[in-house]
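In what follows, every chain begins at residue 1, and chains take the letters A, B, ... in the order their sequences are listed.
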Amino acid sequence: MGREFFVWENFVILSEEKMAAKEKYEESELFRIRHSAAHVMAQAVLEKFPGAKIAIGPAIDDGFYYDFDLPRPLTPEDLVEIEDRMRQIIRGKFPFVRKEISAEEARKLFRDQPYKLELIDGLESGGFDENGEPLNEKPILSTFSHDTFTDLCRGPHVKDTSEIDPEAIKLMSVAGAYWRGDEKRPMLQRIYGTAWYNKEEMEQYLWKLEEAKRRDHRKIGRDLDLFSIVDEVGAGLILWHPKGAMIRKITEDFWMSEHERSGYQFVYTPHIGKASLWETSGHLNFFKENMFSPLDIEGQQYYLKPMNCPFHIHIYKSQLRSYRDLPLRYAEKGTVYRYERSGVLHGLMRVRGFTQDDAHHFCREDQMPHEIDFVLEFSLNILRAFGFNDFKAYLSTKPAKSEGDPARWKAAEAALEASLKRYGVEYELDEGGGAFYGPKIDLKINDAIGREWQLSTIQFDFNEPECFDMNYIGEDGLPHRPYMVHRALLGSMERFFGILIEHYAGAFPVWLSPIQAVVIPIADRHLDYAKKVVESLKSAGLRAYADERSERMNAKIRDAQNQKIPYMLVVGDKEIENNQVALRLRSGENPGPMALEAFLDKARQEIAKKI
RNA sequence: GCCACCGUAGCUCAGCUGGUAGAGCAGACGAUUCGUAAUCGUCCGGUCGAGGGUUCGAAUCCCUCCGGUGGCUCCA
């Protein structure tokens with residue numbers, strides 16, 4: 001067994017091979033099976049609701065969905081019924097028949113299907129595909145038919161429904177989805193389903209989903225008493241319990257010492273600032289929807305800070321800066337508040353108040369490439385210390401609408417890309433995906449059920465230095481605009497903690513474990529010795545306690561096990577006699593009796609190695 | 001914010017079509033002193049998310065709000 005590290009299957013840097021694999025999925029039989037299952041589902045739904053309007057139904061990772069406009073909300077019973085009917089249809093061995101048609105024919109065929117008509121318009125004008133994405137060339141329209149159902153579709157599909165295993169499909173859930181993802185358009189009902197080559201594969205998938213639930217940070221957070229979110233305090237606001245706070249403290253201590261030794265200077269800034277500050281910074285322009293309403297203080301408006309940068313900029317501006325002063329690196333664990341719409345809140349991952357491990361670099365143009373190298377290497381090292389090696393990197397470049405000198409954009413993008421290459425980080429290019437004020441690198445990882453979360457971000461800002469008219473005096477005696485880089489490595493303490501919990505399923509490495517060792521006396525007469533052992537552990541710097549309850553040893557082990565405490569030290573008559581402890585690990589391994597000193601050596605080593 | 005579902009003791013959950021609540025775990029107390037994943041017993045614990053309505057009577061039905069879950073949208 002070993003330790004409970006989780007190996008992420010889809011948790012890799014997107015390399016070219018992976019991209020190729022992704023393209024291959026769309027040509028795979030599994031893709032055709034899923035896409036075809038979506039059609040079969042649409043048929044079953046249309047039979048049940050003859051007036052239903054159908055939208056689109058693609059294959060997706062792990063399954064498929066289809067969007068419908070229905071006369072009433074779907075119930076779980078409906079899903080069972082639809083699923084049963086799907087099996088019947090599949091057993092009918094209906095062939096899928098492709099037919100090319102003209103736009104005119106298509107309009108006639110789908111005259112009662114307004115969503116299809118809209119798609120036809122988009123396709124015909126050569127403008128947009130089914131997702132509303134622009135098309136390069138005018139496509140040939142085609143339909144696919146099986147049994148009684150015909151859909152506007154480019155395919156590909158299975159030859160006939162016998163290629164779908166009726167025992168390897170399952171309807172998973174129904175959810176609302178805006179037509180074309182636009183919240184101004186109608187809300188449709190989306191049915192999600194999953195489909196596999198065979199029953200075994202599907203069951204394996206379902207088992208994985210169950211497993212993912214078991215490592216959900218919200219559940220573990222409660223079970224291990226790490227944090228809570230309570231109604232009366234407010235949605236999206238986190239209470240860190242002592243054990244969670246201990247992990248945070250260890251994380252922050254490590255973070256602080258790494259920053260200190262790498263040339264950062266720490267700053268502290270307030271939680272609120274005057275409206276005029278946020279006007280100057282531009283936040284009231286482009287970030288207002290995410291800011292809490294202002295506080296009125298003696299007739300002046302103050303806002304809770306959604307970001308730390310304006311404060312750091314003011315520290316920069318507190319005196320005249322020389323080119324010799326640069327680079328400056330200001331770091332702060334800055335607590336910010338952002339209004340997030342209620343529907344998007346999610347445990348620790350998406351909250352309304354959080355602490356960013358923020359920093360701002362100010363440098364000269366000639367220092368910029370090195371500064372990026374430095375920050376990228378620094379982030380990778382920090383992330384590795386927490387056991388993260390696999391993530392996706394994204395490089396986002398200049399969008400159509402942007403501010404700042406194009407030459408600066410070019411230089412910054414080049415610096416970012418060069419650093420990624422230098423450090424061997426494979427990345428995906430998100431052309432035009434940068435913010436209006438600068439290009440950036442994002443590092444993202446997946447949570448327990450494959451949702452992607454942003455961790456680190458390194459982004460240039462060409463806007464704020466202008467807004468605040470930042471300067472330094474160059475060798476030429478003239479003022480120059482410094483380059484400014486925002487960066488957060490862990491992202492926010494809250495989200496990072498959530499990701500940590502899921503990554504380790506609560507079995508944190510020893511150096512992070514809030515309780516590292518529990519001493520378990522077998523009977524009450526071993527209590528004194530147990531307490532003595534705890535004292536030794538504590539003076540050696542371990543976080544330890546004795547389980548003094550009048551419970552049986554088995555119960556104490558079980559509880560320690562469930563609390564994922566790394567070391568259990570059982571002490572009974574034999575241990576007392578030999579001045580030993582009997583070590584048991586949460587993995588179930590049982591190294592057995594050893595001298596206390598021997599255990600301390602082992603523990604010290606593992607803590608130093610951060611495993 | 002939108003769609004759907006959900007909200008009963010600290011936790012997990014039962015309580016059918018309306019007749020004012022129950023289990024296990026946790027907790028307290030007592031007994032037990034035991035060698036690698038749950039010792040036994042007793043007790044405590046809920047104005048059924050909040051407010052309003054229908055009804056002789058609401059945890060059960062209706063409305064509003066709050067919160068959660070899964071999606072959508074958003075994510076500087």
Sort out the partner of U39(B) for me: Watson-Crick or G-U wobble, both distances under 3.5 Å, none otherwise. A31(B)
In whole Å, I'd like the distance from the CE atom of M187(A) to the C1' atom of A4(B). 9 Å
D223(A) backbone acceptor or donor facing Q563(A) side chain under 3.5 Å: yes
Sticking with atom P, work out how far A14(B) lies from U32(B), rounded to a whole angstrom. 39 Å
Geometric cation-pi criterion, R495(A) with F354(A): 6.0 Å, 45°: no
To the closest 0.5 Å, what do you measure between CZ (F599(A)) and CG (L569(A))? 4.5 Å
Between F468(A) and H314(A), does the ring pair (Phe, Tyr, Trp, His ring centres under 6.0 Å) criterion hold? Intermediate values first, please. CA-CA 8 Å; F468(A) 284 100; H314(A) 270 291; 5.4 Å; yes
Strictly by Watson-Crick or wobble contacts shorter than 3.5 Å, is anything paired with G67(B), and which nucleotide is it? C6(B)
Give me, pair by pair, the N or O atoms of the protein and of nucleotides 31-35 of chain B that are less than 3.5 Å apart, along with how far apart they are.
{"unit_1": "U32(B)", "atom_1": "N3", "unit_2": "S550(A)", "atom_2": "OG", "d": "2.8"}
{"unit_1": "U32(B)", "atom_1": "O4", "unit_2": "S550(A)", "atom_2": "OG", "d": "2.1"}
{"unit_1": "U33(B)", "atom_1": "O2", "unit_2": "D524(A)", "atom_2": "N", "d": "2.9"}
{"unit_1": "U33(B)", "atom_1": "N3", "unit_2": "D524(A)", "atom_2": "OD1", "d": "3.1"}
{"unit_1": "U33(B)", "atom_1": "N3", "unit_2": "D524(A)", "atom_2": "OD2", "d": "2.7"}
{"unit_1": "U33(B)", "atom_1": "O4", "unit_2": "D524(A)", "atom_2": "OD2", "d": "2.4"}
{"unit_1": "C34(B)", "atom_1": "OP2", "unit_2": "R525(A)", "atom_2": "NH1", "d": "3.1"}
{"unit_1": "C34(B)", "atom_1": "OP2", "unit_2": "R525(A)", "atom_2": "NH2", "d": "3.3"}
{"unit_1": "G35(B)", "atom_1": "O6", "unit_2": "D573(A)", "atom_2": "N", "d": "3.1"}
{"unit_1": "G35(B)", "atom_1": "O6", "unit_2": "K574(A)", "atom_2": "N", "d": "3.0"}
{"unit_1": "G35(B)", "atom_1": "N1", "unit_2": "E575(A)", "atom_2": "OE1", "d": "2.8"}
{"unit_1": "G35(B)", "atom_1": "N1", "unit_2": "E575(A)", "atom_2": "OE2", "d": "3.4"}
{"unit_1": "G35(B)", "atom_1": "N2", "unit_2": "E575(A)", "atom_2": "OE1", "d": "3.4"}
{"unit_1": "G35(B)", "atom_1": "N2", "unit_2": "E575(A)", "atom_2": "OE2", "d": "2.8"}

Counterpart base for G57(B), defined by Watson-Crick or G-U wobble contacts under 3.5 Å: none
Strand partner of C44(B), provided both Watson-Crick or wobble distances fall under 3.5 Å: none
Which one is paired to C16(B), where only Watson-Crick or G-U wobble pairs with both distances under 3.5 angstrom count? none
With a cut-off of less than 4.0 Å, is there a side-chain N or O of R558(A) near OP1 or OP2 of A26(B)? no
How far does the C1' atom of A9(B) sit from the matching atom of U64(B), given to the nearest Å? 27 Å
How long is the straight-line distance from CG of D461(A) back to CZ of F362(A), given to the nearest 0.5 Å? 9.0 Å
Select from E340(A) and N562(A) the residue whose nearest nucleotide in RNA chain B is closer to the 5' end of that strand. N562(A)
Taking all atoms of both residues into account, what is the closest heavy-atom pair of T397(A) and P439(A), and its distance? CA-CB, 4.5 Å
Any donor-acceptor pair, under 3.5 Å, between the side chain of Y178(A) and the base of G1(B), if you only look at N and O atoms? yes
Spell out yes or no: do the side chain of R350(A) and the base of C74(B) have one donor N/O and one acceptor N/O closer than 3.5 Å? yes
When the nearest nucleotide of RNA chain B is assigned to R190(A) and to A235(A) on a heavy-atom basis, which residue is associated with the more 5' position? A235(A)
Rounded off to whole Å, could you give me the CG-to-C1' distance for the D547(A) and A38(B) pair? 13 Å
I557(A) CD1 to A37(B) P, straight-line distance once rounded to whole Å: 6 Å
Would you tabulate the pairs of protein nitrogen or oxygen atoms and nucleotide nitrogen or oxygen atoms of nucleotides 10-15 of chain B closer than 3.5 angstrom?
none

Rounded to whole Å, please give me the gap between NE2 in H346(A) and P in U73(B). 17 Å
State yes or no: are the ring centers of F64(A) and Y66(A) separated by less than 6.0 Å? no
Gap in Å between the two C1' atoms, one belonging to C48(B) and one to A58(B), rounded: 11 Å
Phosphate OP1/OP2 of C72(B) contacted by Y192(A) side-chain N/O (<4.0 Å): yes
Under the criterion side chain to side chain donor-acceptor pair (under 3.5 Å), I'd like the reasoning laid out for S228(A) against H241(A): C-alpha separation, chi angles, the key distance, then a yes or no. CA-CA 7 Å; S228(A) 62; H241(A) 295 13; 3.3 Å; yes
Scan every strand shown for a Watson-Crick or G-U wobble partner of G24(B), both distances under 3.5 Å, and answer none if you come up empty. C11(B)
Salt-bridge contact R214(A)-E211(A) (side-chain N to carboxylate O under 4.0 Å): yes
Separation of C75(B) atom C1' from R352(A) atom CZ, nearest Å, is 14 Å
Send over the distance from K564(A) NZ to A37(B) P, rounded to a whole Å. 16 Å
Quick one: the side chain of R584(A) and the base of A37(B), do they pair up donor-acceptor inside 3.5 Å? yes
So, W278(A) versus F311(A), ring centres under 6.0 angstrom or not? yes
Criterion salt bridge (Lys or Arg N to Asp or Glu O under 4.0 Å) on E551(A) and R558(A), from CA distance to verdict: CA-CA 11 Å; E551(A) 282 290 347; R558(A) 180 170 194 273; over 6 Å; no
For C3(B) versus A59(B), give the span between their C1' atoms, rounded off to a whole number of Å. 26 Å
Whom does C74(B) pair with, Watson-Crick or G-U wobble, provided both distances fall under 3.5 Å? none
Can you tell me how far C1' in G18(B) sits from the matching atom in U60(B), rounded to whole Å? 6 Å
With heavy atoms under 4.0 Å as the rule, sort D559(A) into base, sugar-phosphate or nothing. nothing
Write down the distance separating the P atoms in G10(B) and G45(B), rounded off to the nearest Å. 12 Å
Rounding to an integer number of angstrom, what distance separates U73(B) and C11(B) when you compare their P atoms? 33 Å
Rounded distance in Å - CG (D67(A)) to P (G71(B)): 15 Å
Quick check: are there more than 12 heavy atoms from other residues, nucleotides or ligands sitting under 6.0 Å from NZ of K274(A)? no
G1(B) to U20(B) separation - P atoms, rounded to the nearest Å: 38 Å
Of U36(B), G71(B), G67(B), the nucleotide closest to the side chain of N590(A) is U36(B)
Between atom CG in L345(A) and atom P in G67(B), what is the gap in whole Å? 9 Å
